[in-house]
Structure formats: C-alpha cells, structure tokens
Amino acid sequence: MTPKNTVSVSSAFRKMTAKAILSVLFFLLIYILLILCGIGITALAVIGGIAIIAAKPMFITIMIGAGLLCMALLVLIFLFKFMFVKHKADRSHLIEITRTEEPKLFAFIDEIVNKVQTDFPKKVYLSSDVNACVFYDSTFWSMFLPIKKNLQIGVGLVNSVSEMELKAILAHEFGHFSQKSMKVGSYVYNVNQIIHNMLYDNDSYNSIAQSWGSVNGYFAIFTTLAVKIVIGIQWVLQQVYNVVNVSYRALSRQMEFHADAVAASVTGSRPLITSLLRLDLADHSFNTVLDYYGKKIPDSIATENLYQQQSFVMNFIATNSNLQVENDLPQLTPDFLNRFNKSKLVIENKWETHPSTEDRIKELERLNLDVTNDSKALAIDLFQDGIALQSKFTNKLFSSIKYSSAVVFHKNEDFINEYEKDFFANSFNEIFNKYYDNKNPQVFDVDSLAKEYPKRDIKELFSNQTVDLVYNSISLENDINTLKQIANGNFKIKSFSYDGYKMSSEDAQELINELEPDLKRVKEEVFENDKQIYFCFLALADSQNKSEELKKHYKDLFELDKSYDEKIDFYIKMMDASEFIYTTCTVDVIDQNMRLLKNEEDKFKNQIEKILEDNIYRKAITIEMRIAFNKYLSEDWKYFNGNQYSEEELKLLSESLNNYQTVISKTFFQTKKELLEYQAQLLNHE
C-alpha cells in the first residue's frame, strides 16, 4: 500500500482559502439576486405583453408584447449562457504519446502520481516549448463532476533539466490536485471563468441580439433595452470580478507554494530549486534559436534540430558568465540571478498568480528536504529516441513556414560560428566585467582634467564590488522613481516594504528624502571611478604614444551622448503622434491628428536628412535603409485619403521610424564599443 501524501497545508494557505470561499459565496449571493431580478423582469414582461395584447389585439400591440418577451429572454439567456460554454484547450501544437511508444517515461510518471497520491493523466502530450502543465477542458459542470486531467510536457523543458529535476517539476504540477483543500482553488477558478464569460465572451450572444433586433423596428427597440439591462448587470459583475479575482490570485500564489512542498516531498528541495533557477535561461536560449531562424526565413535557412542549439546557447551563456556546467547543464545560483538587481523595494502585486522565483526558492530552502535520489541522468534519456524526438518537434515548428526556395539546413557548427560572432559583436570585452553593460562612461571634459595617474589596478576598477556600485546606483534610482509615483498618488497602494521594513504609502516621500542623498553619493563614487578608469588608460596610452587617439574616442562618444536623447526624442514624438492610426477614430479625429502628425514629421524628416549627411552614422546605415529613407523623404505622404488608410504609405512610415531608431542606437553602441575595444587593446599591448 502506498503511503498517503502528508504535506501539510500552511496557515497562509488556510487564510487565503477562507477568503476565497467567502468571495465565492459573495458571487453566489450576487448572482442569485441577479437571477431573481432576471426572472422578475421576465415575469413582468410576459404579464405586461399579454395585458397589452389582451387590451387591444392588433399588429402594434402584438409586436410590443413579442418585443417585451424578446427582451426578457435575452436577459435570461445572458444570465445562463455560461452553463453551455466549454473551454477547450488548443491542442494543435501538441503531439499525444502513449505508454507503448514511451514506456520508460510512463513508468516515470507512474512513480510520481503514486507518491503524490493523485490520478494518472487522461492523456500525455508533448509540446515544443520550455514548459510543463496539467490541463483539462472545463465547463460550468466541472465544478461538480470529476474531470481527468491531461499532462503536457515541453521538449524544450526536457532538454534543459535532469531526470530528478523533471520529476520535481511534474510532482509540482500533480501537487495542485493531490489535496482535497486544493479543490477550493478549482471552484474560485471556475467562478472567475463564469464572470469572465459574462463580461467578455459575448460574440455569440451579441449575434443573437443583433439577429433578433433586425426582425423589425419594434424588436430593435426591445433588444436595445435588453442590451442596456445587460450592461447594468455587467457593471455589477465587474465589481464582483475584482473581488473574486484578487482572492483567486492570492490563493493561487499559496497553491504554488503548496505544490512546491509536494514536489520537495517527492524529490527533496534541491532538484526543484536548481530547475527553477535554470528555466529562464533555458527559455531565453530556446527563443534565441527561434529568433535566429526567424531572421533566416528570407534566405530559406532552417535547422533539423534546434534543441541541440538551445543547449549550446544555454551552456555558452553560462560559461561566459563564469557559471559551472555540470552534466551538460548550467548550474545557476540565486546570487547570480540577483547580481544586477539591487532593489530593496518590494511591492506586493495582488494580481500576480505566481510568487517570485526568489520567494519560491526561499520557501524550498526553509523546508530543506533531503534529495531522495542523487541520479545525474538527463531527462531526455527517459525517451526511446531523444534525438529523433527533438528533430520531430523541430520539423513541426518549421512546417508552417513558407520558404521562397528550397530549404538549406544549417549544421550545428554553422549556427555556433554565427551565434558566437554575433554575441561578441554585441557584447563588451570580458575585462570590463559587465561594468558597461547597463551604463555609459559618464561625460566629462577630457581636456580640462589634470593628469593624475592613479595607482589603482585595472582589476580593482572593474572588480565585482565596483560593478555592484553601478547596479546599486541603477536600482536606487529606479526605487526612488517608483516611490515618487507612490507619493504622487499615481501608484495606488496602501503599503510596501523597503529593506525588510513594512511602510505605509504615506511614508514614501520621507523615504525619498532619505534615499536621494544616498543616490547622489553612489553616483559620485561611480563618476569618480569613471574618471579613474580614464586616467588609468590615458597612462597606458601615453606610454604607447596614443593619448590623442584615446581622447578622440572619448570625445566622439561624449558628443554622441549629448545628442542621443535629443535625437531619440524626435522618434518618441513621432511614435506618440502616430499612435492614433492604430485605434478606431472618426474621420474628423483622424484629420485633426494627421495635422499634428505632419507637424512632427517635418522635424523628423529634417533629422533623417542630417543623419544621412553625417559620416558618424554612415556605418550603421545599410543600402536598404538608405533607399527606404530617400523614398520616405521624396514625398509628402498623405497616409489617409478621406475614407481609408494607405497600407503601403503606413508601411513606409513604420519602416522609416524603425530604421531611424536602429541607426541612432546602433551608432551609439558601436562608438561605445570602439572606445572599450581600444582600451582593451592598450591593455593587451602593455
């Protein structure tokens, strides 16, 4: 006999469950009242209609009576329509697998469901992505009838975890259904679905109302009245939806912690922790490969196995970030994930359905359950033929793409060479230790600084402590900006935490006053370090008779830095001015907005002419960009002819905006990179 799963329910879970139950009862009370009102309207409409017809039988009274009945029926249909809606999960991207096809995987799942004390999935599906979930087709009756769940496992996930980590992830998914107390979450979810259906899923209902209203003018009047009543009901439901939704999301966060505890009871805490730490990198790597081949579509280039390339990207990034790679899997740490986030401000997001990865890891570490099996096997080995499976899903992903010519398949070496080339072209030399990844050298007057060669070592100037200083400055500035939003009332919250201390929103301004001197001090330290870096490399340049060259690199960058915000501002103003094009407007509003757009466009075109003539931007402007820019500048495009927009002209506008932003940003990045590469060369020639 299998021992019963005895993972206890936390006090926070019980508290959220109680709130969720109250929110469900609140919904039921409101809904019953709405039904009674609907029945009352129907009864009055029927009685009134019969009375009108009986008083004077004629065409008009018959139409009025029928119209009243039509109105009442429409209200009742709206109140009960959710009972007949089925939420069917999209399976087009999935492939079902069976026990016969994958016996080892199914035996693996058997072991998990037995330990978790839940039912084996109705069906097991594979998807292409970095994900795993349990899903089912739900209806209103799902609240009362037992439903078999389906399991979905992503090949991108399997490719990124060990066997033990996959066991922990699947145990987490099954953990959502292993305790009777978790049923409350299902009720709240279904209530949410009901309200959502009544608020937003009304296409078929609107079609019924329109068809009934089109019968004749009398029916049109009463269907309009029905719609007005429905709008009133929706307003009431919107208020209820907010209450239920907050309860559902709060409970959902506790359900995640509970499912994590179930998973830890099966595998120990560590496998789930290591997988949680890696999944963002795995997902990023997967999408990096997809984006790469997305750009290769015009050249008809694809791959036969993108998952091998996903693994390469994952391990390449890890290696370049000085992370350990064990058993072909990167080993990330909480410190690494938080290295560049030094924020001390914590605002609870009541609309989040999942707690943060950091909070989940802290709770798993608190549980500190020992690993039950120290197997190093990879999850992909659970399948009969992992390579064939990867190729199958790669083919499925690319099968919907229409290529202009015969497809050429990139070998892994082709991808690796191009990826590495692109990576290093868009990153800075490792000697800078990511100091410049999210900051630029601060502007100062190169010629006015006295020559003060410091004794500080290069490694000290780019040490982890110095890099931390940069990210402290960034996080502190972001925290202050958020606190200003709170203090100004733009961010509606009652409380927040800062550095572990809970505070009221009324304390925000006082905290800002305390933090601004700290920010000023940290910025001054970073500025001083930037000058020390300059002096250090200037000393190297002097020793190699290259000081004037180094100064020119700094001056070029500082000149661009001064003009960058101004040039990007033209782009932002154009984006704001053209925003109306993508919304539904009346002709008068379009004409008015078009005049404002044209006013901004004259200035924008002037900026394009300047960058086309300026040699500093020449490298960033491709032949295709120059042709597109010249076409855009050649005419005063109208975009709207009084009746409709010109898609071709709007496409040209959009292309010009994107190209402008690309040229400005790329030029700045390349100028910055040239300075840093020059400094790295000075160091190498020392």
Side-chain angles (χ1 to χ4, degrees), residues 128-130 155-156 159-161 277-333 336-337 339-340 378 380 386-387 390-391 393-394 397-398 401 407-439 462 467 619-620 622 662 665-685:
S128 61
D129 53 8
V130 185
V155 178
N159 193 51
S160 311
V161 294
L277 288 168
R278 190 184 307 117
L279 287 186
D280 278 347
L281 175 59
D283 190 56
H284 168 78
S285 302
F286 179 75
N287 286 310
T288 295
V289 180
L290 284 180
D291 291 344
Y292 172 86
Y293 285 106
K295 293 173 184 175
K296 295 291 183 182
I297 291 174
D299 301 321
S300 297
I301 292 174
T303 179
E304 293 179 310
N305 190 332
L306 68 84
Y307 296 98
Q308 291 177 343
Q309 293 166 13
Q310 176 202 16
S311 294
F312 165 77
V313 173
M314 201 162 50
N315 291 331
F316 179 87
I317 292 173
T319 302
N320 276 274
S321 301
N322 298 316
L323 293 169
Q324 286 186 325
V325 176
E326 295 177 4
N327 197 26
D328 206 33
L329 293 173
Q331 304 300 311
L332 281 74
T333 64
F336 173 79
L337 289 186
R339 183 185 175 191
F340 304 125
L378 294 173
I380 195 69
I387 300 298
Q390 291 173 341
S391 298
F393 270 90
T394 300
L397 276 169
F398 287 91
I401 300 172
V407 176
V408 176
F409 291 104
H410 249 12
K411 295 179 180 177
N412 285 343
E413 305 84 69
D414 298 325
F415 171 81
I416 289 169
N417 291 336
E418 197 163 332
Y419 175 82
E420 287 183 342
K421 181 182 176 182
D422 187 61
F423 178 88
F424 290 119
N426 290 286
S427 58
F428 304 124
N429 196 294
E430 61 182 12
I431 67 166
F432 301 113
N433 194 25
K434 302 188 181 299
Y435 181 83
Y436 291 112
D437 281 14
N438 288 288
K439 80 172 288 293
F462 299 110
V467 173
K619 289 181 184 177
T622 65
T662 298
S665 300
K666 191 174 181 180
T667 299
F668 186 87
F669 175 82
Q670 288 300 331
T671 306
K672 177 180 173 181
K673 185 173 174 65
E674 285 170 11
L675 164 62
L676 299 183
E677 283 300 312
Y678 190 80
Q679 292 186 152
Q681 290 169 16
L682 290 174
L683 197 60
N684 291 334
H685 293 149

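The structure displayed is predicted, hence computed values, not measured ones.
From R278, atom CZ reaches atom OG of S160 across 7.5 Å, with rounding to the nearest 0.5 Å. Rounding to the nearest 0.5 Å gives a distance of 7.5 Å between CD of Q331 and CD of Q324. Note: I401 CD1 to K296 NZ = 14.0 Å, rounded to the nearest 0.5 Å. Rounded to the nearest 0.5 Å, atoms CG (L332) and CG (L281) are 5.5 Å apart. With rounding to the nearest 0.5 angstrom, the CG atom of L323 is 12.0 Å from the CE atom of M314. From F398, atom CZ reaches atom CD of E304 across 11.0 Å, with rounding to the nearest 0.5 Å.
Heavy-atom contacts from other residues, nucleotides or ligands closer than 6.0 Å to CD of E677 number more than 12. Environment of NZ in K666: sparse, with no more than 12 heavy atoms of neighbouring residues, nucleotides or ligands closer than 6.0 Å.
Counting all heavy atoms, side chain and backbone alike, Q308 lies closest to Q390 at CG-OE1, 4.0 Å. G386 approaches I380 most closely through the heavy-atom pair CA-CG1, 3.8 Å. The two atoms that bring A425 and Q670 nearest to each other are O-NE2, 4.4 Å, heavy atoms only. The two atoms that bring F462 and I431 nearest to each other are CB-O, 3.7 Å, heavy atoms only.
With 3.5 Å as the limit, one finds a donor-acceptor pair spanning the side chains of Y292 and E418. Side-chain N/O atoms of D328 and S311 include no donor and acceptor closer than 3.5 Å.
Looking at L675 and T671, their side chains never come closer than 4.5 Å, going by heavy atoms from C-beta outward. At least one side-chain heavy atom of N426 sits under 4.5 Å from a side-chain heavy atom of F669. You'll find the side chain of N320 reaches within 4.5 Å of the side chain of F424, heavy atoms only. The side-chain heavy atoms of V289 and F415, taken from C-beta on, include a pair separated by under 4.5 Å. E420 has its side chain within reach of I416: a pair of non-hydrogen atoms, C-beta onward, lies under 4.5 Å apart. Between S128 and V155 the shortest side-chain heavy-atom distance does not fall below 4.5 Å.
In this structure, N159 contributes its side chain and Y307 its backbone to a donor-acceptor pair below 3.5 Å. Remark: the backbone N or O of L329 is not paired with any side-chain donor or acceptor of N327 at under 3.5 angstrom. At least one donor-acceptor pair closer than 3.5 Å links the side chain of T394 to the backbone N or O of L306. Remark: side-chain polar atoms of D283 are not paired, donor with acceptor, to backbone N or O of V130 under 3.5 angstrom. Side-chain atoms of D414 come within 3.5 Å of backbone atoms of K411 as a donor-acceptor pair (strictly under, hydrogens ignored). Using modelled atom types, no side-chain atom of K673 and backbone atom of F428 make a donor-acceptor pair closer than 3.5 Å.
Aromatic rings from F432 and Y436 are positioned such that their centres are separated by under 6.0 Å. A distance of 6.0 Å or more separates the ring centres of F409 and Y293.
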How far apart are the C-alpha atoms of F312 and N412, what are their side-chain angles, what is the distance that settles it, and do they pass the side-chain contact (heavy atoms from CB on, under 4.5 Å) test? CA-CA 9 Å; F312 165 77; N412 285 343; over 6 Å; no
Could you give me the CA-CA distance, side-chain angles and deciding distance for N429 and L676, then say whether side-chain contact (heavy atoms from CB on, under 4.5 Å) is met? CA-CA 7 Å; N429 196 294; L676 299 183; over 6 Å; no
